[in-house]
Number of protein chains: 2
Amino acid sequence: MSITRINEFQAADGKAADLFTFLKSLKTYISSSPGCESCEVLQSNDNDSLFVVIEVWDSADSHKASLDNYPQEDMAAAMPLIGAPPKGGFYHS
Amino acid sequence: MSITRINEFQAADGKAADLFTFLKSLKTYISSSPGCESCEVLQSNDNDSLFVVIEVWDSADSHKASLDNYPQEDMAAAMPLIGAPPKGGFYHS
C-alpha cells in the first residue's frame, strides 16, 4: 500500500522565491527516485513563504533511500532558505 | 491552472474511525463534483486522530460550488466527530 509523505516548509525572510526554486529542483530528484509514485511542490495562496511538498511512495524504505542518497552539500546549501524547521509526517489512505 | 485545497481535521476523542468513515464518504461526493480533478483522504501514521484531505480543483469557484451544494444536515451531523476547527488553505504549483 502506498504511503504519502507531507512536508511543510517555511521560507526565511525574503527567500520564498529561492526556496520555491530549490523545492522544484528537489521535485525532479524525488520524482526520479525508485519507488516514488508522485511528488507535488505547492505554494500557499495565502502565505507566499509557506510551501507543502506531497510525495507518494511505494514504501517508507524507498523514501528513506531517496533521502539518504540526496547530495548532502546540496541540502546544506539550501538551509539558509528555510526559516523554521520543516514539519512532516507519513499518511495512509 | 489547477488549485489544491488542503484541509486538516482533528477527530474528537474516540471518534477517529467514525471521522475517517465520514471523510471517505465526503471523498465520494467531492470527487463527483464538477471541476474536481482529484481527492485524497489520508490518516496520519503517527496520530490516528489527525486527517488530511487533499483536493485538486480546476478553480476556487468549483470548490465553492461543491461546498455550497453539500447537504448541510449531513455536515451538521458530522460536527460531533470533529475535535477542533478544521484548518485549510489553497495552494498552487
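Every chain is numbered from 1, with letters handed out A, B, ... down the list of sequences.
- Other residues, nucleotides and ligands contribute more than 12 heavy atoms inside 6.0 Å of the NZ atom of B/Lys27.
- The part of A/Thr4 that comes within reach of chain B is its side chain, from C-beta onward, which places non-hydrogen atoms under 4.5 angstrom from that chain.
- Interatomic distance, B/Phe22 CZ to B/Asp74 CG, rounded to the nearest 0.5 Å: 7.0 Å.
- Side-chain contact check for A/Asn7 versus A/Phe51: every heavy-atom pair is 4.5 Å or farther apart.
- Looking at B/Ile54, the atoms closer than 4.5 Å to chain A (heavy atoms on both sides) all sit in the side chain, from C-beta outward.
- Contacts from residues 55-71 of chain B to chain A, taken as heavy-atom pairs separated by less than 4.5 Å, involve no residues at all.
- In this structure, A/Asp13 places its CG atom where only 12 or fewer heavy-atom neighbours from other residues, nucleotides or ligands lie under 6.0 Å away.
- Put simply, CD1 on B/Ile82 and CG on B/Leu23 are 7.0 Å apart, with the number rounded to the nearest 0.5 Å.
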- Message: Using side-chain contact (heavy atoms from CB on, under 4.5 Å), reason through B/Leu50 and B/Glu8 one step at a time and then give a plain yes or no.
- Response: CA-CA 7 Å; B/Leu50 178 62; B/Glu8 201 176 275; 3.5 Å; yes

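- Using a 4.5 Å cut-off between heavy atoms, A/Ile6 touches chain B through its side chain atoms alone.
- Shortest non-hydrogen contact noted between A/Asn47 and A/Ser44 is N-OG, 3.0 Å.
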